[in-house]
Amino acid sequence: MRYWLTCALSACLALAAPAGWAAHAYAMWGEPALPADFAHLPYVNPQAPKGGELRLVSNLRVSTFDKYNPFTIRGSAPAYLAALMFDTLLVGSMDETATGYGLLAEDVSVAPDGLSATFRLRPEARFHNGKPVLAADVQHSFDTLMGPHTSPAYKTLLADVEGLEVLDERTVRYRFRRPNRELPLTVGGLPVFSRDWGRDEAGRPKPFDQVVMDIPIGSGPYRIGPVNFGKDITYVRDPDYWARDLPVRRGTANFDRILVKIYKDNTARLEALKAGEFDLMRFFSAGDWARRVNGKKFDSGELVKGEFAHRLPSGFQSFVLNTRRPLLADRRVREALGLAFDFEWMSRRLFYGAYQRVHGLFGNTVCETQGTPTAEELALLEPWRSVLPPAVFGPMFVPPAPEDAAALRANLRRAQALLAEAGWTVQGGVLRNARGEPFELEYMDSSEGGMRTLSSWMHNLRKLGIVLRFRSVDFALYQQRLQKFDFDITTIAYQGTNNPGQEFADLFGSQAADQEDSGNFPGVKNPAVDAAIRAMVSAKTLEQMLPACHALERIIAHEHYLIPQWSAGTHRMVYNAWRLARPDVVPPYSPGEMWAVETWWARQP
């Protein structure tokens, strides 16, 4: 849950209008692509019919849900609930980056000094209980999210928000501690919910962590319908949805019902898809996509395999090395572990060439780092030269890619030399330190098939005398251990962003390293990283932000906190072509299945 929060907030809210002007949208850099009088988003079908049902499979790894509150720390909420039930002040577009258009807010203005953003609410905005969305509800939502019962990622992400003022019944002003062009988008993308949600029978508000099965009172296009716990949940379209005719919503939310089914494992999901139990499923396994997505319904054309190209950031899915563990505290050890990872072999044998290697934090964005540092980057790095590895000041790190067995042997020899420098030598076939202690690590995972993708790395590590054990745990325990940083190595699928900002303080900031349930899984405590994040967040122009991004990416890469894995340039989805129709235009920043949820429609009988 908390990782979704970090990524969703950073991705959804990067908006900007000319400072000091009230406008229909906010764009971080430049101007919004759509004018104030736009009729609809470019990638929707404004005449899409309403009706029918979309049957989905849950995109969460949990096998059930035990709450309707997606914002508290404990428990699991149903898939898609937050996106379908809670509107925000601003909403992004799938064919732009760093721009937000008014949804609950009819206009947004940013002060000339960048220290505040003012939002005026639409008078027609309504919650599901029929009450108007007022400034007091915006304040209540903000105060609640900043309270003690929600993920600490909110506090980190909103650290530069000084407060919220209610100016009148429908106007709020967020005040910022320092200028930050991303903050209007960040606060504009916060969910807004009613003050009536979570009141007891006497009308008194309950502590937010006790708001568990209370039906959310949001203002989004869907409400909760029939529920079969442990099996499925149905969201029902609100026919009186207040924003159905707004340009930002026209042609969206077309299904009357969205049924989300829950299955125990990947095998059950795949077999259910082939049997026609649901209409759309996104695939993350190259093996499944290449060898197991077949059958009668594919032969008949009922089920279609679609690969939809996108221009989304590649993200930085990685093996995360927990530097809180003494065995992983030494940079040389971490680099050695990376040298033993042979992605090229995995690409040929396991992935059918479907993935590309991740290189850093900002792949497929303007922030991606290449070559040697520029003068602007060096100005940010030089004050920290004494605490950074010399390699940071040279060419950007490129993950080792051995093309054959000889190249892999060379990498392993280099790894062996690094381990020796760090005090580890092979004794009787086992890597030991000066005290004779063996080098043994545990890889924690909760996904099926994890052992298959790990086996070649484990084999190469054994050649170095390192024992890496695979530990499979159920997802609930996996979440608990992640929250407490109780692991040696795991995999995190970090989402990328075109507009990096304060969320990186949660991912890599020193303060977050000791904060339970933060996103700083590798335990980074590095003053140079903190400084680069501050420079990135405080940048007033794109030209100022890019050197800070590059400095951050160089440090993270050369410190070897992460071992980069892989990414795909397409969304692989199977859909029922007899039941579903879709727009002709595929938006470049389509977020996978949410593109279908928001803009597809049911074929008429």
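In what follows, every heavy atom counts, from backbone to side chain, and hydrogens, waters and symmetry copies are set aside. This chain uses plain numbering: 1 for the first residue, then up along the sequence.
Checking R249 against Y241 by side-chain atom types alone, a donor-acceptor pair falls below 3.5 Å. Between the side chains of S518 and N520, not a single donor N or O lies within less than 3.5 Å of an accepting N or O. Side-chain contact check for D530 and S510: at least one donor-acceptor pair (N or O, by modelled atom type) lies under 3.5 Å. At a cut-off of 3.5 Å, with distance as the only test, no side-chain donor of Y575 or E593 sits close to an acceptor on the other residue. In the model, T171 has no side-chain atom that pairs as donor or acceptor with a side-chain atom of R120 under 3.5 Å.
Atoms CZ and CG, from F176 and D160 in turn, are 9.5 Å apart once rounded to the nearest 0.5 Å. Atom CG in L280 sits 6.0 Å away from atom CG in L56 (nearest 0.5 Å). Separation of atoms CD (E368) and CG (L361) is listed at 10.5 Å; rounding is to 0.5 Å. In this structure, D214 CG and N69 CG are separated by 8.5 Å, a value rounded to the nearest 0.5 Å. In this structure, the separation between SG on C367 and CD on E553 is 8.0 Å, given to the nearest 0.5 Å.
By the 30° and 60° cut-offs, the orientation of the rings of F208 relative to F193 is parallel. Below 30°, between 30° and 60°, or above 60°: for Y68 and F65 the angle between ring planes is between 30° and 60°, a tilted geometry. A parallel orientation is assigned to the rings of F316 and F504, their planes being inclined by less than 30° (bins at 30° and 60°). Between H24 and F38, the angle of the ring planes lies from 30° to 60°, which puts this pair in the tilted group.
Under a 3.5 Å cut-off, the side chain of Y101 and the backbone N or O of L34 do form a donor-acceptor pair.
By the side chain to side chain contact (heavy atoms under 4.5 Å, CB included) test, L312 is found to be paired with H310, H571, Y589, residues two or more places apart in sequence or in another chain being considered.
Looking only at side-chain heavy atoms (C-beta outward), H149 and F71 stay at 4.5 Å or farther from each other.
Identified under the salt bridge (charged side-chain N to carboxylate O under 4.0 Å, His left out) test for residues 131-157, with sequence neighbours left out: K131-D196, D137-R195.
The pair R122-E106 does not count as a salt bridge, with every side-chain nitrogen at least 4.0 angstrom from each carboxylate oxygen. In summary, R237 and D256 engage in a salt bridge, as defined by a charged side-chain N under 4.0 Å from a carboxylate O.
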F142 vs Y174, ring pair (Phe, Tyr, Trp, His ring centres under 6.0 Å): CA-CA, chis, key distance, verdict: CA-CA 10 Å; F142 172 74; Y174 279 96; 5.4 Å; yes
